Amino acid sequence: MVDMRVKVGSVSLQNPVMPGSGCFSTDLAQVMDINRLGAMVAKTVSREYRAGNPPPRAAEVEGGMINSIGLPTKGIKYFFEHQVPDYRRFRPPLVASISGTTIEDFEAMARDVAKGDIDVLEVNISCPTRDPKGGNFALHAEHTYEVMKLIRATTDKPVWVKLSPNAGDIVTVAQAAERAGANALVVANTILGLKINTDTFRPAIGNKFGGLSGPGIKPIIVRMVHQCAKAVKIPIIGCGGIVKVEDAVEYMLAGATAVMIGYLTFRNPSGMIAIIDGLEEWCAKRGFARVADLTGAMIDEPPMETFAAAAAPIG
Amino acid sequence: MVDMRVKVGSVSLQNPVMPGSGCFSTDLAQVMDINRLGAMVAKTVSREYRAGNPPPRAAEVEGGMINSIGLPTKGIKYFFEHQVPDYRRFRPPLVASISGTTIEDFEAMARDVAKGDIDVLEVNISCPTRDPKGGNFALHAEHTYEVMKLIRATTDKPVWVKLSPNAGDIVTVAQAAERAGANALVVANTILGLKINTDTFRPAIGNKFGGLSGPGIKPIIVRMVHQCAKAVKIPIIGCGGIVKVEDAVEYMLAGATAVMIGYLTFRNPSGMIAIIDGLEEWCAKRGFARVADLTGAMIDEPPMETFAAAAAPIG
Amino acid sequence: MMGEPFASDPYVVGKSAPPPEPPHIPAEESLCPVVLHDWVNSEYKHLVVEASPKALTVTPGQFFNLLCPSPDVGELFFRRPQSVYRVNRKRGRIEFLYKCVGRGTRGLSTLQKGDALNMVGPLGVGFRLDPAWRHIVVLGRGVGIATLGPISQLARDNNVGVTAILSARNADFVMADTFFREAGDVVSVLDTDGTSAVDNVEKILAGLIAQKRADAFFTCGSNRLFQLMKRLGKAHNIPGQVAMEQVMACGLGPCYVCVRTFEVDGKKELRRVCIEGPVFDMQEAVGW
Amino acid sequence: MMGEPFASDPYVVGKSAPPPEPPHIPAEESLCPVVLHDWVNSEYKHLVVEASPKALTVTPGQFFNLLCPSPDVGELFFRRPQSVYRVNRKRGRIEFLYKCVGRGTRGLSTLQKGDALNMVGPLGVGFRLDPAWRHIVVLGRGVGIATLGPISQLARDNNVGVTAILSARNADFVMADTFFREAGDVVSVLDTDGTSAVDNVEKILAGLIAQKRADAFFTCGSNRLFQLMKRLGKAHNIPGQVAMEQVMACGLGPCYVCVRTFEVDGKKELRRVCIEGPVFDMQEAVGW
Ligand SMILES: Cc1cc2nc3c(=O)[nH]c(=O)nc-3n(C[C@H](O)[C@H](O)[C@H](O)COP(=O)(O)OP(=O)(O)OC[C@H]3O[C@@H](n4cnc5c(N)ncnc54)[C@H](O)[C@@H]3O)c2cc1C
Ligand SMILES: Cc1cc2nc3c(=O)[nH]c(=O)nc-3n(C[C@H](O)[C@H](O)[C@H](O)COP(=O)(O)OP(=O)(O)OC[C@H]3O[C@@H](n4cnc5c(N)ncnc54)[C@H](O)[C@@H]3O)c2cc1C
Ligand SMILES: Cc1cc2nc3c(=O)[nH]c(=O)nc-3n(C[C@H](O)[C@H](O)[C@H](O)COP(=O)(O)O)c2cc1C
Ligand SMILES: Cc1cc2nc3c(=O)[nH]c(=O)nc-3n(C[C@H](O)[C@H](O)[C@H](O)COP(=O)(O)O)c2cc1C
Ligand code: FES
Ligand code: FES
């Protein structure tokens, strides 16, 4: 028996696997048992109704996809009146993701959403599909600090912040978020990309630029998780390109306490359940009594070969 | 007959396809006719002998590879005594890539290398395998400006600069390079990544972090090429994940004047030749008399569907 | 690497009992053996698979999201939606009629008899049939014809008369006319002889309306013909349904990739084709 | 997407004449039909392909870089180097003996008779045979045995005596002993009976040295045994060659992925296994 529970700060999860925001809704009850998830993460919500970006909204690329959905939302009122009760039919903790246009808007959103029937507030300051420069507050440490400091003051509930891989220096951004009082980091959102259709000469998606996700970005995000884990004390949730059990393990070895999954669900609708089951099996086979012991267990030494001298750097 | 010639500033190439630095040497004459290339790009050279990083130096990832070779070099003396004459057995223009440790070192390298028998000086200020923060001068606009300004003053030969996709804002770096007098931008070097071996719990490569290349990074780099092309007037050379003719076309549509290829050569040793031939065929089929006409030919409008209103954003 | 073609554990048709599961899970991933897979003309293929009990609950207009094999060594990522063309519940079979247009359908076309097709479904909101209707008109073009098969079959089973207007480039591409003939009258209109022109189709529809053989309209496959039916439907107060398409990622509702524009009381809104459709009210749809 | 499995235009064995090309291109990408592909024990497979004229110029110790099919839907990227185990120039065939260890070799093992294998080669610097030698000793373990095949064959063809010491876990994994027996004497040493212990192999080698049946040493496949041979070679002034392995990307020289450490006059240096090797001077190699 493997103990699959993990704690993301004060939040206890029955297992470390949850969906990425925007890749999950209760519609998935069509194909899977939502109660098996570590947590439910709702689609990012804004205060007002937003239609989102023009279609086509997604396109395949080698090793992944790009999307520009544009954060469509029915607004905060609809969220609490219809979506939250709908989520509450299921047992896992509910993470609400919020977005805002200005720092004041973010603060007000945090205040209003956190007092609702949700368990965790996830702050999406990193959506690349709204700002063509590739993110939002999460591109800069100071901006992140300012917005997170204000948000932190609005609530006692756990606050997670979703960082942007488009930041030039994600480590200082992570440290700024920690200083501002964030309880956990989600590393990371999508990477800004462009695909041009060589038949039509036009961008492949309606908004021209879109966020890259899927297995192709995994080495980049695993690196960021590792760098952040070395630099902060708060837990990290790894997110980007997990499509098999070993990918989840890799994120945890790099320092993640839990993981989020997007892309996989599109191809394998109940893939998250398979990852949960597979992770338990993997731990059992490798003799890990607690999945939590994987966190940060990477051996930070070169992969020395048998005869050490042959691999050692010289000169 | 398609006119395959392109001009990268004052440098005329018989076609727009050349190797990326570090992915080419005259050893490739074992499998291909080097004289068919648009240009030859030599491996980055430093002043002194460098052994490079400990093996393993590369690992496969989904949609690409990571590598950390560590810029091994026999030094500038060996470069001119043995390597340049070796390259000169072939006809395409020779691009020498240089690296330095400090700004003074870069300036001196530029002075010494540019006066040798080479056609273009490529300045590699972006190698992610030397600095674990993911690059070098190319991470910041000011640093790029300073080093390029000094280098520019050392020579009348064309100077290209290879930018880093790890920069948070590659556009301002590109503009700084242009202001400093660079004749062309190479966009871009590899993206810093990490792969952990889930059997051994150790990093997959000897230097822990490595640079990600291959098709998985293409949407990111195509986006950067497009952004830079909008922001600068000097020509851009697109580089990252080209494995088929349409990839080269996509880079040119995004604004590239020419392209560089790395990854493909590892799988398909004479792949560059196939891209040259295929590009000519593609142009002929699509009615382009000059391959140069593809540069920047992306139609910068949404991929509207037949019935425009259905695709238009609302609200 | 992606590893196995699916991380989840699909229901394997003919190999295992359906896994025990809570009753509220209406769709599933299943591995369905290919029984038949033939070209019907130079562009369209007819695919018949053995389906799982859950898959066989599919209703007219619903679709499956198919894991098409890659046609080359590159990876193919998104599933490809295909609506069901025919269901044979007695023999436990589901049929698709699809056009080879790109990598996904080209990959699909490589499946051989006996290969297993990974399908997720049944998905989406299908057609509604009001038993009070006495006669309906279905108007399809190209692949749209496939989508209109099951509703025509259902109408016949409920003793509702069907006139099927099948529009195609030429006689080769009038597919399934014998199948539609079993369900009712068939009128083929072609580009080759000009009968497919909107004007001519309008005349045919006007005639059916005049004869009171048009209690409801159904269409799929052509924006031009959809706009025509919408206009006539509005003018003559005939209820209508349209089956729409859009690029999909999840096929299940969460991702909001598959939206189209709709208009209700002058207000535009976006709806998801995969879960709010693919069948929509004809007057609310804006087109594509 | 990657599109075709190769962007370049390989030489297709049996299908086309070699493309006209400048004479200075010694290696090539070729598509070689599989003639035979059998398991020799639970871990090793024997692969025989029809090879191109250029491929058949391979010399002992050289290798090919093989495009292994992916064993699953994930993409496999790097080629996998395999040295040649046997060449049959008369029948135009090249043979490999390889161990299934990971995704690449598992993918390789799925090739069926008649399938085409995409190979690049011949590559690298092979073994050197000095016709003045009267008797050589080859010492191989595991897959290393395969690599030592061609040099043993060449020695015999040049009337140089060969003693082959084949080290293996147990009798099942002593491969190709009949093949080596054709070339000379075979001594099998096993883990199961302790004969493979370094001490025992040292005794055997000392015996051969004493009998003057060791004009040169050749080894491949075990660092332990390599260190032993290096030590004895140094002590007795016997020239030696070792075939080494390293993860490769290009297999051709440019990328510097495949380096190992060497030591000359107390100075360490890195050399590329793919083009400066895979066969190196035994005294200069440091090991692995
Ligand atoms: C609900 C629904 C039912 C359908 N039923 C049928 C049917 O019965 N028969 C039939 O021939 N076709 C049907 N289609 C269309 C079919 O899904 C597309 O032809 C197919 O996805 C094209 O894939 P491709 O890779 O071959 O072509 P691509 O080259 O990828 O694309 C060709 C066109 O297909 C569309 N497309 C691409 N990817 C997707 C995707 N993931 N989801 C939806 N559309 C996409 C795009 O509009 C694109 O322009 C249906 C589509 C939907 C949404
Ligand atoms: C010059 C040379 C000749 C060889 N000859 C033979 C032979 O005759 N018979 C035989 O069984 N094996 C031989 N090998 C070893 C063979 O190349 C590896 O076993 C094979 O690459 C493993 O691939 P994999 O995907 O199955 O395993 P993986 O799981 O990828 O790796 C298993 C091990 O193989 C090695 N390896 C992985 N990728 C590469 C690569 N691209 N290049 C080199 N090594 C790699 C690594 O050390 C790794 O630890 C030779 C290697 C070299 C360099
Ligand atoms: C279609 C789509 C919609 C998304 N919407 C959101 C969103 O609303 N809010 C958010 O924080 N992230 C959003 N994301 C990002 C994902 O949560 C996740 O960070 C990213 O996709 C990387 O994970 P993956 O590679 O497993 O997909 C979205 C991603 C996709 C593909
Ligand atoms: C093994 C390897 C070595 C490289 N060495 C260098 C180098 O010395 N100098 C340099 O500027 N870029 C170097 N690069 C980067 C490539 O030139 C190129 O920018 C990158 O690989 C992206 O292109 P690709 O996806 O086509 O490989 C190297 C890349 C690889 C894979
Ligand atoms: S395809 Fe995801 S919501 Fe429709
Ligand atoms: S594998 Fe590239 S140099 Fe040896």
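Here is how names work: the chains are called A, B, and so on, in the same order as the sequence lines, proteins then strands, and each is numbered from 1. In this text, all values refer to a predicted model and were calculated from it rather than measured experimentally.
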Chi angles and distances behind the side-chain contact (heavy atoms from CB on, under 4.5 Å) call for A:Leu212, B:Ile220: CA-CA 8 Å; A:Leu212 181 64; B:Ile220 302 172; 3.5 Å; yes

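- Between the side chain of A:Arg223 and the main chain of B:Lys195, no donor-acceptor pair closer than 3.5 Å is present.
- For A:Met298 against B:Lys208, the heavy-atom pair with the smallest separation is CE-CD, 3.6 Å.
- Looking at residues two or more places apart in sequence or on another chain, you find a salt bridge (charged side-chain N to carboxylate O under 4.0 Å, His left out) between A:Asp293 and A:Arg290.
- The closest side-chain heavy-atom distance from B:Asn197 to A:Glu250 is not below 4.5 Å.
- More than 12 heavy atoms of other residues, nucleotides or ligands shown are found within 6.0 angstrom of CD on B:Glu142.
- Only the backbone of A:Thr200 comes within less than 4.5 Å of a heavy atom of chain B; no side-chain atom from C-beta onward does.
- Nearest approach of B:Thr198 to A:Arg286, heavy atoms of both residues: O-NH1, 3.2 Å.
- For the set B:Ala204, B:Gly206, B:Ala254, B:Gly216, the entry with the most heavy-atom pairs within less than 4.5 Å of chain A is B:Gly206.
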side-chain contact (heavy atoms from CB on, under 4.5 Å) between B:Ile196 and A:Met252, worked out: CA-CA 10 Å; B:Ile196 304 172; A:Met252 295 188 73; over 6 Å; no

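- You'll find the side chain of A:Pro56 reaches within 4.5 Å of the side chain of B:Pro303, heavy atoms only.
- Most heavy-atom pairs under 4.5 Å with chain B: of the set A:Asp300, A:Leu294, A:Val225, this distinction falls to A:Asp300.
- When the salt bridge (charged side-chain N to carboxylate O under 4.0 Å, His left out) test is applied to B:Lys77, the partners found at least two apart in sequence or on another chain are B:Glu81.
- Separating the CD1 atom in B:Ile170 from the CG atom in A:Asn166 is a distance of 12.0 Å, to the nearest 0.5 Å.
- Looking at A:Leu253, the atoms closer than 4.5 Å to chain B (heavy atoms on both sides) sit in the backbone and in the side chain alike.
- The side-chain heavy atoms of B:Gln227 and A:Leu192, taken from C-beta on, include a pair separated by under 4.5 Å.
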Give the intermediate values and the outcome of salt bridge (Lys or Arg N to Asp or Glu O under 4.0 Å) for residues A:Glu62 and B:Lys218. CA-CA 8 Å; A:Glu62 185 73 16; B:Lys218 195 190 62 174; over 6 Å; no

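- Of the possible donor and acceptor atoms, none in the side chain of A:Arg202 sits under 3.5 Å from a partner among the backbone N and O of B:Ile299.
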